[in-house]
**Q** 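Pasting a structure here, questions to come.
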Amino acid sequence: MTGEIRPNANAYLLNRQRERRMLSSFLVAGFDVTWANRRTFSGTSVTVCLLKANESLKETYGFEYEIVLIYSKYSSLEPRTLRTVDHVFSTDPAKGRVEPMWYFLISEAEDTIDWVSSYLAEHKESRIVVPFISADLCDKKIDEWTVRNQLQKHFFLLDRFKYTLPLKEDTYFFGRNTEVNELLDFTKRSENAGVFGLRKTGKTSVLFKLKRLLESDERFCVEIFDAQSPSLRKRSWNQLLQYVIKLTLKRIGKNIDLYFNDLDASDHFTEAIKLFFKNSSFERLTFVFDEIEWITPGTTKNEHWNEEFLEFWQAVRTAQSQIPKFNILVAGVNPALVEDSRFGPYQNPLFGIVTPIFLCGLKNAEVEDLVSKVGKLMGLNFTEDAINYLIEQYAGHPLLTRLACSTVAELAKAENEKFPIKVHKGRLEKQRNLRDGELVFYVRHVVDELERFYPNEYALLEMLALGDYQGFKDSTARNEASTHLYRYGVVSNPEFPYVTYDVLREYVALENARREGRAWKMKLIALEE
């Protein structure tokens, strides 16, 4: 059924013959134009239309909301055009009303298709763009397949599940509302907090999300430092204080000429933060140290941090005692650096002043949201039983869940299946061995630091993976090493403990068998035991 231009759109489009000609292909494809107007952002103007798909299109592509269509009148495409698009999505009437993860783009540029493909390949967190050259829509015979073919070609083109880096934008960030809100509350009160969890559970993505939210308010300044960077961890404690301050003052166009020697570094650090507040409009300052194990005693690669950890954090704590609007956040795998009262003979300066927050897997509803929305962009319609199976297998671990879904798409493409496809539990069960074989590298990465730096916790995880429930319960009765496993969400409740990630349990059991030279996963108990 051919669509129509509704009154709210017709008023703008009435005397715009070129736009109306371009929209004809969308009308015959089954879209109504519900709204149209011009939007300008940072000197770039575009025509914005909202389209509503008919029932056939909704059924085929899983459209739930209206769809944004952008027309750029310029003869070339530039990144600023897409920044204007981002502004359109964040303002009325599109905000909260349209499909949030993709849009149509019509441009006068002759290289529109190639430019968009190149841009999306480089900017993997961008919204999906279905591109059109305006001349193709105006000069060719109007045909419903003009739009549908382009949808089929570009809508399912990119694998948005297979993204392993921390997320710096909101487009593909799902869930974590509880944890982010907790961190917001701590930071707004200038209180210290820590984010802890297994590798690849999204700690760094949460920190970037927090930074975006806080810095949307001009009163907040947030600086994130990656402690695994050699330019950070190789510095001595006083050099690191100077490095941190130098980058922070750069935000307000100030330099600091002081040399942070051993004797004066702490005082200079405090004075520099006071200078920052005096010369800026910021009312709150937050320093975030990610991958904190790299500058923590016992887990650091650089020996000087076994001692200088104390001096560094004593200097930070001294500054906080004088500057109430300055706080710190730390992130890592294990909260020992804020929970242990002493490091060797010395009191831990972070003990009792940092509240730990643990990242478990995503909640069931968050997994459903992630799998359904990103899957739709790739032509994968996951059924309810398939989503429940993914939750059962991967316990909401965001990266493992994403990569499992990515493998489904890759296998379907290898079989030349026509997208979109419906994904049932049966398909996932059939592909399990092949899929989890692809995930082994990432599963190893998830528990690598636990195995290397926290062997007591890993040994308990190993007991459960091997089925030694009694040994696990006996060991946990004698020490508290299991507490973090529960808080990571990797082990179920203490009453009936089990490893919540099926793929992780398999990996840990097989690694134990390989290390001990067994041909099977289960460990035989000696007859006398």
**Q** Distance under 6.0 Å and angle within 45° of the ring axis: does Arg39 meet both against Phe41?
**A**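 Cation-pi check for Arg39 and Phe41: fails.
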**Q** Tell me, please, which residues at least two apart from Glu366 pass side-chain contact (heavy atoms from CB on, under 4.5 Å).
**A**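 Result, side-chain contact (heavy atoms from CB on, under 4.5 Å) vs Glu366: Leu362, Lys363.
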**Q** Going by the rule side chain to side chain donor-acceptor pair (under 3.5 Å), which residues pair with Gln242 if we only count those two or more places apart in sequence or in a different chain?
**A**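 Scan of Gln242 (side chain to side chain donor-acceptor pair (under 3.5 Å), adjacent residues dropped) gives none.
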**Q** Using a strict threshold of under 4.0 Å (side-chain N to carboxylate O), is an ion pair present between Glu125 and Lys168?
**A** no
**Q** Quick one: closest heavy-atom pair of Ala409 and Leu380, and the distance?
**A** CB-CD1, 3.9 Å
**Q** Give the ring-plane orientation class for Phe382 versus Phe161, where under 30° counts as parallel, over 60° as perpendicular and anything between as tilted.
**A**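 The rings of Phe382 and Phe161 stand perpendicular, inter-plane angle above 60°.
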**Q** Tell me whether the count of non-hydrogen atoms from other residues, nucleotides or ligands lying under 6.0 Å of CD in Glu384 goes above 12.
**A**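 No - once you tally the heavy atoms of other residues, nucleotides and ligands closer than 6.0 Å, there are 12 at most.
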**Q** So, are Lys413 and Glu410 salt-bridged, with charged N and O less than 4.0 Å apart?
**A**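 Salt bridge between Lys413 and Glu410, a charged N being under 4.0 Å from a carboxylate O: no.
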**Q** Arg212: what forms a salt bridge (charged side-chain N to carboxylate O under 4.0 Å, His left out) with it, not counting sequence neighbours?
**A**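 If we apply the salt bridge (charged side-chain N to carboxylate O under 4.0 Å, His left out) test to Arg212, skipping adjacent residues, the hits are Asp170.
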**Q** What residue pairs, at least two apart or across chains, pass salt bridge (charged side-chain N to carboxylate O under 4.0 Å, His left out) with a residue in residues 99-114?
**A** Arg18-Glu108, Glu99-Lys376
**Q** Just jot down the side chain to side chain donor-acceptor pair (under 3.5 Å) partners of Ser190, sequence neighbours excluded, or say none.
**A** Arg284
**Q** Do NZ/NE/NH1/NH2 and the carboxylate oxygens of Arg6 and Asp32 come within less than 4.0 Å?
**A** yes
**Q** Hey, does the Lys NZ or Arg CZ of Arg176 hover above the aromatic six-ring of Phe174, less than 6.0 Å from the centre and inside 45° of the axis?
**A**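 No cation-pi geometry.
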**Q** Would you call Arg127-Asp86 a salt bridge at under 4.0 Å N-O?
**A**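 Salt bridge: yes.
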**Q** Could you check whether Glu4 pairs with Lys52 (Lys NZ or Arg NE/NH1/NH2 to Asp/Glu carboxylate O, under 4.0 Å)?
**A**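 Here Glu4 does not pair with Lys52 in a salt bridge, since their nearest N and O are not under 4.0 Å apart.
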**Q** Under 3.5 Å, side chain of Tyr65 to main-chain N/O of Gly96, donor-acceptor pair present?
**A**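 No, the answer is negative, given that no donor and acceptor are paired below the 3.5 Å cut-off.
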**Q** Salt bridge check: are Lys162 and Glu438 linked by an N-O gap of less than 4.0 Å?
**A** no
**Q** Report the residues that fulfil side chain to side chain donor-acceptor pair (under 3.5 Å) with Glu182, sequence neighbours left out, ordered by chain and then residue number.
**A** none
